[in-house]
Every structure is written in C-alpha cells, then in structure tokens.
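Everything numeric in this text was worked out from a predicted model, so none of it was measured.
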Amino acid sequence: MEKIRLGKTGMMVTKLGFGGIPIQRVPEDEAISVVRRCLELGINFLDTANGYTTSEERIGKAISGQRQKLILATKSSARTGEEIASHLELSLKRLGVEYIDLYQFHNVSDADALKAILAPNGPLAVIEEAKRAGLVKHIGITSHQIDIAKEAVKSERFETIMFPLNFIAHEAAEELLPLAREHDIGFIAMKPLGGGMIDNVTLAIKYLLQFPDVLLIPGIERVPEIEEIVQVLEQPWAMTAEEQKEMERIRQELGSRFCRRCDYCQPCPVGIPISDVMAYPSLAKRLPPVRLFTGKFAESFEKATGCTECGECEERCPYHLPIREMMAEYVKLHAAGKRQYEIGAL
Ligand code: SF4
Ligand code: SF4
C-alpha cells in the first residue's frame, strides 16, 4: 500500500489508516479480526482514543507481536496535566506497548480548551515531558472547529492536525490544509465517509485521493468495509462525469442536514450540547448502545428536551441547518432507542 510522509513527524504512514471508534460495537473476537485484516492488507497506521471504551485494549490484543512495524496513535480529552498523565499511562497499558507514536489532544474545539492544553504544567507540557522520556514519539491535536484548528497549526506546538474532511464537510480543504502544508503539519482526515453518513464509499474515497499528502482514517467495524475501501484505493481516482454528478446529488441531499460538530451555534441559553444531539444519526452508526443511551450522551438528550425553540442557534449556524426541527426528530429517535436498550432489545 502507498505510503505518505506525515508532515514534520517524518513518519511514513500508509495512505489509508484505521479509525478505531466502531470496533467498540462488535464482540471482541470480531474486533480483533477486523484489526488483523487491516494489518494483512498492509495498513500501518492505527488510531484510537482513551475515550473509545474497549478500542485501545482490543487493538492491543490484535497487534500483539507486530508492534514494531506499526504506527500507533491515540488521544485524550483531558484538560489538566494530572489527568492526561493518567490517560497516557492507561493507553500504554491497554495497548500493551512501551511508547505511543502519535499522542493527540482530542477534540480541542473551543478557545478555552486550547488555552487549557497550552497552560504551564498543562496537558501539552506533560506530554512534551513524556516525549523527552521516550513514551511518546510525536504530538498532535484534533478538532472540529476550523478557527481553533488554524490557531493550533499556527502555534507550531503540534506535529499533526486531525480534522473532518469529506465531500460534504470539505471546508478544511480550502484554508486549513494549505496552512498545515505551509507549517509542515501532517494532516489526518477524520470522517472520510462523513461519520458513516456517506454510503457511496467509492465516491467518498475518490474525492479524498485528490489530496496526495492527506492520511485517511475511516472508522472500520467489519472486514468487508475495509476490503471495499482498499479496492477503491487501487483504482484510478479521477471521477467520471457521472460520478461527479452523483457526488453533487449526495452533497445536496445530505449537505442541508449535515452537522459538522463545530459548535458555532453555541452558546445555547439553556445549556443544550447541540452538536451531541445533532450528530445522532452518525453516532448511532458508530457507538455501542451503552455509550449512546447512558452517561454523557444520554444527559445531552435529556437536556435537549428543555429546548425553548428560541432559534438563536440557527442564526449562528454557518450551514443554516434547521436545528430545532432536526433536534426534535433526533430526541424522539433517541428516546425510542433508549426504551429498546432498557428492555434489553439492543
Ligand atoms: S432553539 Fe433550543 S437549542 Fe437552539 S439555542 Fe434555543 S434553546 Fe438552545
Ligand atoms: S448545528 Fe451548525 S453550528 Fe452547530 S455544530 Fe452543527 S454545523 Fe456547527
């Protein structure tokens, strides 16, 4: 499989990496088989996170004996030095490795979060120390918010940036990617299949292959999914006129209801985490029921029932999404799913 240089990290990664969110949803033996099939197909970059429940541990089991040829990336949403130190220790243990190739600050999508990461003795200082100690080889950041991502790139404190990029959410291609190139920051495209919303894999991958230096990390749950993507990679990537037309059609169909999770719609006067609710169709495809129907996401949907329909969020959304209408629909879907979950039907 073709390899590309991941910016100033100098690491040679396969053009296609493995995104470790969906393997939380399947039984452990299936998850391990999926990771092993990816390795057989030649993939050398695996991405996971402290927050993806069983994902790190499952990857750790799958890669046993093959660590040397792999590039492992994980991330943490900790916003204090103390917390990130414990997350790093846990990641090393779960993955069963002595070092992490790329350690990333997860979902840094507002100014306060970036400030917390950069604070003296904060998370970045702790991970830089871990780098000096050889526990981490390179440091990156992930975000859904383009202004924060640009600020992070310009700070020159990170070696990679992970940001959504697909043919619906393609804003990063215009300014963020060129900026990352200027600073020699490796660009990792998250959600290449629109977080599970783009069914046409061929078009989704062909669109992204126009960016030769971008690493794609689709979330993979089953073996046939990765095999299909690898097949597309082996074809010429130029789109036919018909494919272009179809891509435009999907863009029109999904674009008016596709939440980028950028949080420009905040603050909501009653404190609703709008993007959690708006991402429901995508999250329902990728997360295990326990994460959807208990804990943080369940709380977000509970809060959404208190929406006063003031419409302030819609005035701020740059993509003009009908937030109130979509939230009402997803709150209903979530409640129905939760009932099923509680009676053990999921
Ligand atoms: S419409 Fe609802 S979600 Fe949007 S800002 Fe108002 S209360 Fe918050
Ligand atoms: S609703 Fe709009 S502003 Fe809010 S997170 Fe989604 S895309 Fe961004």
Side-chain angles (χ1 to χ4, degrees), residues 2-20 39 43-52 55-56 59-60 63 66-79 81 84-108 113-114 117-118 122-143 148-163 165 172 176-177 179-190 211-217:
E2 182 200 345
K3 285 189 180 158
I4 59 171
R5 175 180 167 274
L6 190 59
K8 62 175 73 170
T9 70
M11 292 190 293
M12 294 305 291
V13 296
T14 44
K15 175 84 184 142
L16 182 64
F18 169 86
L39 305 188
I43 288 173
N44 78 348
F45 183 91
L46 307 177
D47 181 72
T48 179
N50 165 276
Y52 300 166
S55 176
E56 288 185 321
I59 289 175
I63 64 169
Q66 305 193 62
R67 201 282 171 249
Q68 290 315 317
K69 60 179 190 182
L70 297 175
I71 296 173
L72 294 179
T74 191
K75 42 192 153 4
S76 158
S77 352
R79 297 295 184 250
I84 208 154
S86 69
H87 283 189
L88 172 60
E89 196 185 330
L90 191 58
S91 290
L92 290 165
K93 193 169 151 214
R94 284 169 167 173
L95 286 162
V97 296
E98 285 171 6
Y99 64 92
I100 308 279
D101 297 278
L102 179 62
Y103 199 82
Q104 303 155 105
F105 301 98
H106 197 171
N107 194 14
V108 183
L114 184 58
I117 301 293
L118 297 172
L124 180 58
V126 169
I127 297 303
E128 282 174 343
E129 182 54 41
K131 187 176 172 185
R132 286 189 285 274
L135 299 175
V136 164
K137 299 292 180 197
H138 301 282
I139 301 176
I141 187 165
T142 86
S143 179
I148 299 297
K150 278 159 59 179
E151 214 179 301
V153 167
K154 285 186 203 153
S155 76
E156 296 264 357
R157 303 289 300 274
F158 311 97
E159 296 164 88
T160 62
I161 177 91
M162 183 188 292
F163 199 85
L165 181 59
L176 183 59
L177 177 56
L179 188 69
R181 284 175 178 149
E182 205 181 291
H183 290 264
D184 198 20
I185 305 288
F187 193 101
I188 306 172
M190 71 161 106
F211 309 111
D213 49 353
V214 168
L215 166 61
L216 319 181
I217 52 159

Chemist: Do Thr14 and Asn44 have side-chain N/O donor and acceptor atoms under 3.5 Å apart?
Modeler: yes
Chemist: If you take all heavy atoms of Phe45 and Ala73, which pair is closest and at what distance?
Modeler: CZ-CB, 3.5 Å
Chemist: With sequence neighbours excluded, tell me which residues meet salt bridge (Lys or Arg N to Asp or Glu O under 4.0 Å) with Arg94.
Modeler: Glu56
Chemist: Determine yes or no for a side-chain-to-main-chain donor-acceptor pair under 3.5 angstrom, with Lys75 supplying the side chain and Asn50 the backbone.
Modeler: no
Chemist: Let me confirm one number: the CG-CE distance from Leu215 to Met162, rounded to the nearest 0.5 Å.
Modeler: 7.5 Å
Chemist: Between Arg5 and Met12, is any pair of side-chain heavy atoms under 4.5 Å apart?
Modeler: yes
Chemist: With heavy-atom distances below 4.5 Å as the criterion, would you say the side chains of Asp47 and Met190 are in contact?
Modeler: no
Chemist: When you compare the side chain of Lys3 with that of Val13, does any pair of heavy atoms fall below 4.5 Å?
Modeler: no
Chemist: So that I can tick it off, tell me whether Glu151 and Lys154 are bridged by a salt bridge, with the cut-off set at under 4.0 angstrom between side-chain N and carboxylate O.
Modeler: no
Chemist: Any idea which heavy atoms bring Ile217 and Phe18 closest together, and the distance?
Modeler: CG2-N, 4.2 Å
Chemist: Answer yes or no: is there a donor N or O on one side and an acceptor on the other, between the side chain of Asp101 and the main chain of Leu72, under 3.5 Å?
Modeler: yes
Chemist: Please evaluate residues Asn107 and Ser77 with respect to the criterion side chain to side chain contact (heavy atoms under 4.5 Å, CB included), reporting the C-alpha separation (whole Å), side-chain torsions for both, the decisive distance (0.1 Å), and the verdict.
Modeler: CA-CA 7 Å; Asn107 194 14; Ser77 352; 5.8 Å; no
Chemist: Determine, step by step, whether Ile188 and Leu102 satisfy the side chain to side chain contact (heavy atoms under 4.5 Å, CB included) criterion, reporting the C-alpha distance in whole Å, the side-chain angles of both residues, the deciding distance to 0.1 Å, and the verdict.
Modeler: CA-CA 12 Å; Ile188 306 172; Leu102 179 62; 3.8 Å; yes
Chemist: Where is the tightest heavy-atom contact between Ala152 and Ile141, given as atom of each residue plus distance?
Modeler: CB-CD1, 3.9 Å
Chemist: Taking all atoms of both residues into account, what is the closest heavy-atom pair of Thr48 and Ser55, and its distance?
Modeler: OG1-OG, 2.8 Å
Chemist: Does a side-chain heavy-atom distance below 4.5 Å link Ile161 with Phe187?
Modeler: yes
Chemist: Distance from Leu88 atom CG to Ile127 atom CD1, nearest 0.5 Å?
Modeler: 4.5 Å
Chemist: Under the criterion ring-ring contact (aromatic ring centres under 6.0 Å, His included), I'd like the reasoning laid out for His106 against Tyr52: C-alpha separation, chi angles, the key distance, then a yes or no.
Modeler: CA-CA 11 Å; His106 197 171; Tyr52 300 166; 5.8 Å; yes
Chemist: Show, in sequence, the C-alpha distance, side-chain angles and deciding distance for Glu128 and Lys131, and conclude whether the salt bridge (charged side-chain N to carboxylate O under 4.0 Å, His left out) test is met.
Modeler: CA-CA 5 Å; Glu128 282 174 343; Lys131 187 176 172 185; over 6 Å; no
Chemist: Find the distance between OG1 (Thr160) and CD1 (Ile185) and round it off to the nearest 0.5 Å.
Modeler: 8.0 Å
Chemist: Once you round to the nearest 0.5 Å, how far does CG of Asp213 lie from CZ of Arg181?
Modeler: 4.0 Å
Chemist: Taking side chain as C-beta onward, heavy atoms only, is Leu92 less than 4.5 Å from Leu135?
Modeler: yes
Chemist: For Glu156, does the CD atom sit with more than 12 other heavy atoms under 6.0 Å from it, leaving out its own atoms?
Modeler: yes
Chemist: Answer whether the closest heavy-atom distance between the side chains of Ile100 and His138 falls below 4.5 Å.
Modeler: no
Chemist: Could you check whether Lys137 pairs with Glu159 (Lys NZ or Arg NE/NH1/NH2 to Asp/Glu carboxylate O, under 4.0 Å)?
Modeler: no
Chemist: If we ignore angles and hydrogens, is there a donor and acceptor under 3.5 Å between the side chains of Ser76 and His87?
Modeler: yes
Chemist: So how far is it from Leu124 CG to Ser155 OG, rounded to the nearest 0.5 Å?
Modeler: 8.0 Å
Chemist: If you compare all heavy atoms of Ala78 against all heavy atoms of Pro123, which two are closest, and at what distance to 0.1 Å?
Modeler: O-CG, 3.9 Å
Chemist: Side-chain contact test, heavy atoms from C-beta onward, threshold under 4.5 Å: evaluate it for Arg157 versus Ile139 and give yes or no.
Modeler: no
Chemist: CZ/Phe211 to CG/Leu165 distance, rounded to the nearest 0.5 angstrom?
Modeler: 5.5 Å
Chemist: Is the closest side-chain heavy-atom distance between Phe105 and Leu114 below 4.5 Å?
Modeler: no
Chemist: Taking Arg67 first and then Glu98, would you say they form a salt bridge - that is, a charged N and a carboxylate O separated by under 4.0 Å?
Modeler: no
Chemist: Write down the atom of Ala172, the atom of Phe163, and the distance for their closest heavy-atom approach.
Modeler: CB-CD2, 3.6 Å
